[in-house]
Amino acid sequence: MDIERIDVEREIGKVGKHICEHDKKKGLLIPILHRIQEDYGYLPGEALERLSKKLGLPLAEIYSVASFYHQFHFSPRGKKIVRVCMGTACHVRGASKVLDALKEHFKIEVGETTEDLTLTLETVGCVGCCGLAPVATVNEDVVGEIGKKKLPELISSIEQEEEAEVD
Ligand code: FES
């Protein structure tokens with residue numbers, strides 16, 4: 001190849017255009033991933049494959065972007081997302097016992113979802129209600145002072161189809 005005949009400006013222009021288009025597509029990725037997760041509750045593999053073809057982005061790149069953000073999930077989630085606070089105040093006031101009781105009752109580990117999709121069990125750092133320790137959140141609701149009496153109420157509220165309040 002005659003190096004003198006290469007139009008460097010043109011080549012840079014081509015690469016620049018490619019980078020721009022690639023960036024544009026990557027910019028679209030996050031909002032689209034949010035929409036998919038809103039529709040399905042998680043990011044199904046088939047949906048990501050279709051997205052990869054539509055945007056012309058490698059599937060590995062889509063997974064890499066999605067897995068960077070903790071709010072994206074790659075498997076179905078429970079109707080109730082229960083997060084037991086493991087912050088210091090909750091830890092001191094028995095959060096581990098609450099967590100163990102939920103794990104034992106629903107037969108799942110932290111990060112898992114029951115087969116019937118009733119519950120996904122997670123832990124969380126301080127949720128800002130230390131005065132009510134030990135605390136758990138059930139979807140958007142905060143349940144505090146989970147002692148021996150309240151634990152069965154919490155479990156039965158999780159098992160109910162509709163949202164139920166635990167006093
Ligand atoms: S440590 Fe649990 S709410 Fe603050």
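Order of listing sets the numbers, starting from 1, for every ligand and every atom in it.
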Check your understanding: What atoms of ligand 1 come closer than 4.0 angstrom to any heavy atom of Ala89?
Key -> 1 (S)
Check your understanding: Which of the numbered atoms in ligand 1 are below 4.0 angstrom from a heavy atom of Val127?
Key -> 3 (S)
Check your understanding: Going by the order shown, which atoms of ligand 1 are within less than 4.0 Å of some heavy atom of Cys85?
Key -> 1 (S), 2 (Fe), 3 (S)
Point to revise | Residue part near ligand 1, for Cys90, under 4.0 Å between non-hydrogen atoms | key: both
Check your understanding: Within a strict 4.5 Å, meaning less than it, do heavy atoms of the Arg83 and Ile81 side chains meet?
Key -> yes
Review point. Between Glu122 and Arg77, is the closest basic N to carboxylate O distance under 4.0 Å?
Key: yes
Practice item. Could you tell me the angle subtended at atom 4 (Fe) of ligand 1 by SG of Cys130 and SG of Cys126, rounded to 10°? Key: 90°
Revision key, fill the gap. In this structure, CD of Gln160 is separated from CD1 of Ile155 (nearest 0.5 Å) by 12.5 Å
Check your understanding: Measuring from the heavy atoms of Ala133, does anything fall under 4.0 Å of ligand 1?
Key -> no
**Study point:** Atom pair CD1 (Ile158) and NZ (Lys79), whose distance is rounded to the nearest 0.5 Å
**Key:** 12.5 Å
Exercise for review: State, yes or no, whether a side-chain contact exists between Val82 and Thr120 at a heavy-atom distance under 4.5 Å.
Suggested key: no
Point to revise | Contact atoms of ligand 1, heavy-atom distance to Gly87 under 4.0 Å | key: 1 (S)
Exercise for review: Nearest 0.5 Å please: distance from the CG atom of Leu48 over to the CZ atom of Phe74.
Suggested key: 7.0 Å
